[in-house]
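Down below is the structure, laid out as structure tokens.
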Amino acid sequence: MRKTSFLLCLWLLIFGIYVRAEENKKTVQQPNILVILVDDLGYGDLSSYGAKDLQTPNIDSLMDAGVRFDQFYANCPVCSPTRAALLSGRYPDLVGVPGVIRTHPADSWGYLDPKAKMLPEQLKSAGYHNALIGKWHLGLESPNTPTERGFDFFHGFLGDMMDDYYNHRRHGKHYMRRNRDPIHPVGHATDLFSQWASDYILEQEDQQKPFFLYLAYNAPHTPIQPPDAWYQRVKARESNITDRRAKLVALIEHMDYGIGTVIEALQVSNQLEETLIIFTSDNGGQLNVGAHCGPFRGGKQDMYEGGIIVPACAVWPGVIEPGGRSDQLLMTMDIYPTLCEVAGKPISTQVEGQSFLSTLRGEKSPQQTRDMVWVRREGNMRYQGRDYYAFRRGNWKLVQNSPFTPYELYNIEKDPQETTDLSKDNPGIHRMLVRGLMDHIQEAGRVNWQKP
């Protein structure tokens, strides 16, 4: 009898340990991660952000299903630097990407630091399988190709923009790859990227590892080239729309449809409930092709709010309450430490990004006191290979929208449209912000941005 009681107690003890282990396992279980980065989507070019002539039900559903960020900033008003910030967690000029990386060396303004610790490398060491579908834009050759910078799988476009959404060329060169192999797919790039992302998700259903999928569309970047059926649909629906605006609306709606198919792949493979989704844009919309950047001044290329504030949201079933709104000041580079914390991976390198996991969990966000810096280097006669900047401290924002103009000063809380330059009325604040920016410029000056 005593032996039986001992064995029963031992069994109960072992069972209790097992139950607690399973409970802990569920508590710390790593979610799948899907980051959707779109290209040149203006703050006002979603129906959920106020567009009246545009229908984006799938992106809007993501906004409703999680938390929407009302003060989410791209790290740059153009493409490559923001992507470098997302994947490094750092200001882009601190990893060698102050400007756009292009095909021709004479017009290329960045070189991704080979020593930068990339997000997929961090997540791989935490047990994730990492995939990039779509646009890379951080290097065209070794060592700066996706599979050499931490991605286990790449299916997409190495270059900056496509000169045609159907032939997938840039300056006559072919940059479509599956891992390192050239491929020649047929179809509109948006459809291809959506299909490839869906295929990848379905393939992960029975895998033991969680996945990180970085889905980077090149839409709605120029050329504004929607499938004709989508354009005709918009023209028939919107009686007063211009041809220019209709083409952009159609390109965005076509992309929204593709995003819907990717979310459907998560649903049918029973992975949606265990996936964290983050959606945002790399910079503001391009005004001269009909983009709307909400109530803000400027657009793509500009250091005014319209060029850098972007739509964004996060969805995580069971963790993020649906229908949330956050006015926390965030930047693209903050995604890096957030995802590392989600994965349970201590960051093993210096980053300027700050995790916003507490916000995703509905907890009170820590008060932020950091400065925010934006930089872009560019060629052509407008910029002549020089940098221009914005710098924010609290509600004060320093803006230089051209390397040849003086710094302007705005109080963003009182004047979000940046209508009144206060630099002459507040010389002390102006000097303080300039000094803060100079400190960053000195640090960035130590980083090479040209290919050795």
Side-chain angles (χ1 to χ4, degrees), residues 43 69-78 81-82 84-85 89-95 97-99 283-284 293-310 327-334 350-354 356 365-378 382-447 449:
Y43 193 87
F69 299 104
D70 293 331
Q71 295 192 87
F72 196 100
Y73 287 88
N75 266 89
C76 188
V78 292
T82 296
R90 307 207 67 188
Y91 284 115
D93 51 343
L94 297 184
V95 289
V97 191
N283 49 252
C293 295
F296 302 110
R297 180 179 180 180
K300 179 182 179 179
Q301 302 191 65
D302 294 325
M303 290 297 181
Y304 297 117
E305 293 288 277
I308 54 178
I309 192 168
V310 289
D327 62 359
Q328 184 178 4
L329 282 171
L330 298 173
M331 300 186 81
T332 313
M333 66 183 180
D334 297 332
Q350 180 181 357
V351 299
E352 288 72 46
Q354 298 180 0
F356 53 93
S365 304
Q367 187 174 7
Q368 291 182 329
T369 58
R370 65 173 171 176
D371 297 333
M372 303 172 76
V373 183
W374 293 266
V375 58
R376 182 199 179 194
R377 178 172 288 152
E378 184 54 274
R382 178 177 175 182
Y383 303 104
Q384 300 178 28
R386 304 191 186 191
D387 294 330
Y388 61 106
Y389 298 92
F391 182 90
R392 179 168 173 170
R393 178 173 291 174
N395 292 321
W396 290 102
K397 181 183 173 189
L398 197 69
V399 177
Q400 184 189 42
N401 213 42
S402 161
F404 306 106
T405 58
Y407 291 114
E408 303 162 9
L409 180 68
Y410 299 98
N411 187 307
I412 294 299
E413 182 180 43
K414 297 178 180 178
D415 182 19
Q417 285 77 37
E418 297 165 292
T419 61
T420 306
D421 178 6
L422 300 174
S423 57
K424 293 182 180 179
D425 298 328
N426 299 271
I429 293 173
H430 185 269
R431 283 195 299 271
M432 177 181 67
L433 267 63
V434 170
R435 181 67 259 179
L437 177 57
M438 287 168 60
D439 291 341
H440 176 85
I441 292 171
Q442 286 185 317
E443 184 180 4
R446 302 184 186 100
V447 181
W449 57 273

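Given the structure is predicted, the values throughout are model-derived calculations rather than measurements. In this chain, numbering begins with 1 at the start of the sequence shown.
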Handout entry: Heavy-atom closest contact (F391 atom, L437 atom, distance)
Key = CE1-N, 3.7 Å
Exercise for the section: Keeping the roles fixed (side chain from W396, backbone from H430), state whether a donor-acceptor pair exists under 3.5 Å. Expected result: no
Fill in the blank from the handout: Heavy atoms of T82 and T332 approach each other most closely as CG2-OG1, 3.6 Å
Practice task
Answer yes or no: is there a side-chain heavy-atom contact under 4.5 Å between F72 and D334?
Solution key: no
Practice task
Check for a donor-acceptor pair, side chain of E352 on one end and backbone N or O of Y91 on the other, with a separation under 3.5 Å.
Solution key: yes
Handout entry: OG on S402 to CD on Q384, rounded to 0.5 Å
Key = 8.5 Å
Problem - Flag, side chain of N75 to backbone of M333, donor-acceptor distance under 3.5 Å - result: yes
Problem - Polar side-chain atom of N411 near backbone of K414 as donor-acceptor pair, under 3.5 Å - result: yes
Problem - Expected output: side-chain R297 to main-chain E418 donor-acceptor under 3.5 Å - result: yes
Problem - Pairwise distance CG(L433) to OG(S423) - rounded to 0.5 angstrom - result: 11.5 Å
Practice task
Report yes if some heavy atom in the side chain of R392 is under 4.5 Å from a heavy atom in the side chain of L329; otherwise report no.
Solution key: yes
Practice task
Using the six-membered ring wherever Trp is involved, compare the ring planes of Y383 and Y388 and label them parallel, tilted or perpendicular (cut-offs 30° and 60°).
Solution key: parallel
Exercise for the section: Under the side-chain contact (heavy atoms from CB on, under 4.5 Å) rule, what do Y43 and D70 come out as? Steps first, then yes or no, please. Expected result: CA-CA 9 Å; Y43 193 87; D70 293 331; 4.0 Å; yes
Fill in the blank from the handout: Rounding to 0.5 Å, atoms OH (Y410) and CG (L398) come to a distance of 10.0 Å
Practice task
Provide the closest heavy-atom pair for N283 versus G307 in the form atom of the first, atom of the second, distance.
Solution key: CB-O, 3.7 Å
Exercise for the section: Would you check if the side chain of Q400 reaches a backbone N or O of T405 as a donor-acceptor pair within less than 3.5 Å? Expected result: yes
Exercise for the section: State, with a plain yes or no, whether a side-chain heavy atom of L94 is found less than 4.5 Å away from one of H440. Expected result: yes
Problem - Evaluation steps, ring-ring contact (aromatic ring centres under 6.0 Å, His included), between F356 and F69 - result: CA-CA 11 Å; F356 53 93; F69 299 104; 5.5 Å; yes
Exercise for the section: Kindly give the heavy-atom pair with the smallest separation between V351 and R90, and that separation in Å. Expected result: CA-CG, 4.1 Å
Problem - V399: which of W374, Y304, Y407 passes side chain to side chain contact (heavy atoms under 4.5 Å, CB included) - result: Y304
Practice task
Output yes when a side-chain donor or acceptor of D415 lies under 3.5 Å from a complementary backbone atom of T420, and no otherwise.
Solution key: yes
Problem - pair R370-M331: side-chain heavy atoms closer than 4.5 Å - result: yes
Problem - Nearest heavy-atom neighbours spanning G299 and C293 - result: CA-SG, 3.9 Å
Fill in the blank from the handout: Taken to the nearest 0.5 Å, the spacing of D93 CG from R376 CZ works out to 14.0 Å
Handout entry: Heavy-atom closest contact (F404 atom, R382 atom, distance)
Key = CE1-O, 3.4 Å
Problem - Side chains of K397 and M303 in contact at under 4.5 Å (non-hydrogen atoms) - result: no
